[in-house]
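Given the structure is predicted, the values throughout are model-derived calculations rather than measurements. Order of the sequence lines sets the chain letters (A, B, ...), proteins ahead of strands, with each chain counted from 1.
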Number of protein chains: 2
Amino acid sequence: MARLPGRPGTRAHEPIPPLPARARQPRASRAAGGQHAVQGATSSEWAADADRPATAANLAYARLKALILDNALAPGSQRLESELAAELGLSRTPVREAMVRLEQDGLVTITPRHGMRVTAVTPADMREIYEVLNSLEPAAAELLTRRGLAAKQLAPLADACTAMERALHKEDRHAWAAADEVFHLGLAELCGNRRLAGMIMQVWDQSHRARMFTLHQRPLPERSTAEHRAVLQAVMAGDSESAREMYRLHRRRSGEELIALIERSGVAWL
Amino acid sequence: MARLPGRPGTRAHEPIPPLPARARQPRASRAAGGQHAVQGATSSEWAADADRPATAANLAYARLKALILDNALAPGSQRLESELAAELGLSRTPVREAMVRLEQDGLVTITPRHGMRVTAVTPADMREIYEVLNSLEPAAAELLTRRGLAAKQLAPLADACTAMERALHKEDRHAWAAADEVFHLGLAELCGNRRLAGMIMQVWDQSHRARMFTLHQRPLPERSTAEHRAVLQAVMAGDSESAREMYRLHRRRSGEELIALIERSGVAWL
DNA sequence: GCATTCATTTGCGTATGCATTATGTGCGGC
DNA sequence: GCCGCACATAATGCATACGCAAATGAATGC
């Protein structure tokens, strides 16, 4: 039980750090294109959902979500509506709406008299999440392949692969994770099934902190990098069976690796 | 384009019928047990989520959801916050919260100056939904089988199967659909993965109206009934591979059947 | 010294009011 | 007769106010 990243059950009183302006940027647009574009993709950038109007509720949602994903709001920590409202400089109404949405995202739990508590992800939760991803992501790969998109439209995935390979060379784990995220979410987005994509993104968000946690404990993800490239090649070759199977293998292996890592590290939640 | 159940684009002004008291009942509890318990399960009963406190916002959510699932609020119809608030006898605040939740459920879309619009499900949407279910439900069946639950704990599924068979004999399509729902949602709930279960229920809800629509146009679901029983037997036999495969086949066949039915019937949305 | 009960506080759920802003309409010009 | 613009209207988004209920702390009794 070493190095607990948070202490569920205790009331957290850390002040909320102001977010950098980039937190309001829309989800990393695939239109950007350049190879390096992928590198800047950190959670706070795509936390701002879609292109909703710049309303206070959406702002609160985006900022709280970014804080949670970036681990600035410790898992297990509790915050009252009024606290958050004061710290965000808003009234309780939009903050409340944001909390409701975050709860449906599975990122927090609202307890009537105790405000919202940031959901702590246990190894068991990670198992659930990877079971879901194990099922959904291969399906997305298969669907994407069947769409038979032109190479140009698959560029974001190719770029992400390249970015991963470059990051691997430079041993830049953060860049690698960012590219990994771009690849997985990009594939989900491109598969043509918005519901499927949304579900993948949801559990992906839920497991974001855990992935970041293991980032520096695991060996360099050489195998994962190669697997991504292989998936992409299967997709481009139009071999949907193979794409699905390769993605399934990748998903299963990397999921088990991550869960093993977390369990071995002894943390009870993330 | 015959017999459109709703007319998206037009502003609906039907008054909201009062809900029967049973709408507030918790989701059909598996504890009930009796074979006939399954027959009463209509959407309005399990629309009330979990056992949330009886707050006005939860009430609004439950009632609106029930209205939507029961097709009492036509797909495509729009309602203003203030309208709904007045009709439900509440203020706008809890209604708004309910709307936000329904939007995340994919049941409505909130358009800034036009209130909420009940999401119309097109054949393309049904394809999306069945792609998701095709992926998730077999996974749930596999997980459930691996859990190796005792026969007693699988009783709800067995009951549902029996109820389907009885309904088939009596040619009672509504009872059959109710039992079908109990089986699918019960299997999801029992699989041990709450996220997986939640996602299945979400798309299941989204497709509820479409299933109800096709209910009286399809031949008696003899094959589906047998397939459910077969899945259950595989689960009880502990053969997870077989359970998954049988469920996949059932899902695929019945999904394609339903989509074909909808497309042939010519409706553009449900 | 400890448990129990009551008073107080405080956080929440809901209602309401206000300012903002998009929409629709009507009028005028072309 | 049609199109564009300006204004009136109305619905929203947010802030605030209020009452209730739960949690906390104190005081008292055992």
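- Residue-level contact check: A:E97 touches neither bases nor backbone, having no heavy atom under 4.0 Å from any strand.
- Closest to the B:P94 side chain, of the nucleotides D:dA23, C:dG13, C:dT14, is C:dT14.
- Of the charged side-chain nitrogens involved, none lies within less than 4.0 Å of a carboxylate oxygen, so that B:R195 and A:E131 do not count as a salt-bridged pair.
- In this entry the distance linking CD of B:E103 with P of D:dG13 reads 10 Å, nearest Å.
- Computed from coordinates, the B:N58 CG to C:dC12 P distance equals 15 Å when rounded to whole Å.
- Of the candidate nucleotides D:dG13, C:dC12, C:dT14, C:dC12 has the atom lying nearest to any side-chain atom of A:E81.
- Relative to the side chain of A:R113, the nucleotides C:dA15, D:dA15, C:dC12 differ in distance, and C:dC12 lies closest.
- With distances taken from any side-chain atom of B:H114 to the nucleotides C:dT23, D:dC14, D:dG13, the minimum falls on C:dT23.
- Residue A:M99 holds its CE atom at 6.5 Å from CG of A:L84, rounded to the nearest 0.5 Å.
- Phosphate proximity of C:dG13 to B:T93: absent, as no side-chain N or O sits under 4.0 Å from OP1 or OP2.
- A:R92 comes within 4.0 angstrom of a base, heavy atoms only.
- One atom, CG of A:L80, and another, C1' of D:dA23, lie 12 Å apart when rounded to the nearest Å.
- Here D:dG13 presents its P atom at 16 Å from CZ of A:R96, a figure rounded to the nearest Å.
- Of the inter-residue distances, the one linking B:R127 atom CZ with B:T122 atom OG1 reads 9.5 Å to the nearest 0.5 angstrom.
- Salt bridge B:R52/B:E97: absent, no basic N to carboxylate O contact under 4.0 Å.
- In this structure, A:M126 CE and A:T214 OG1 are separated by 7.5 Å, a value rounded to the nearest 0.5 Å.
- A straight line from CE of B:M99 to P of C:dT14 spans 16 Å, rounded to a whole angstrom.
- The separation between B:M116 atom CE and D:dG13 atom P is 14 Å, rounded to whole Å.
- One can place CZ of A:R79 at 16 Å from C1' of C:dG11, the figure rounded to the nearest angstrom.
- When the side-chain nitrogen and oxygen atoms of B:S82 are compared with OP1 and OP2 of D:dA10, none of them lie within a distance under 4.0 Å.
- C:dG13 atom P lies 11 Å from atom CZ of B:R52, rounded to whole Å.
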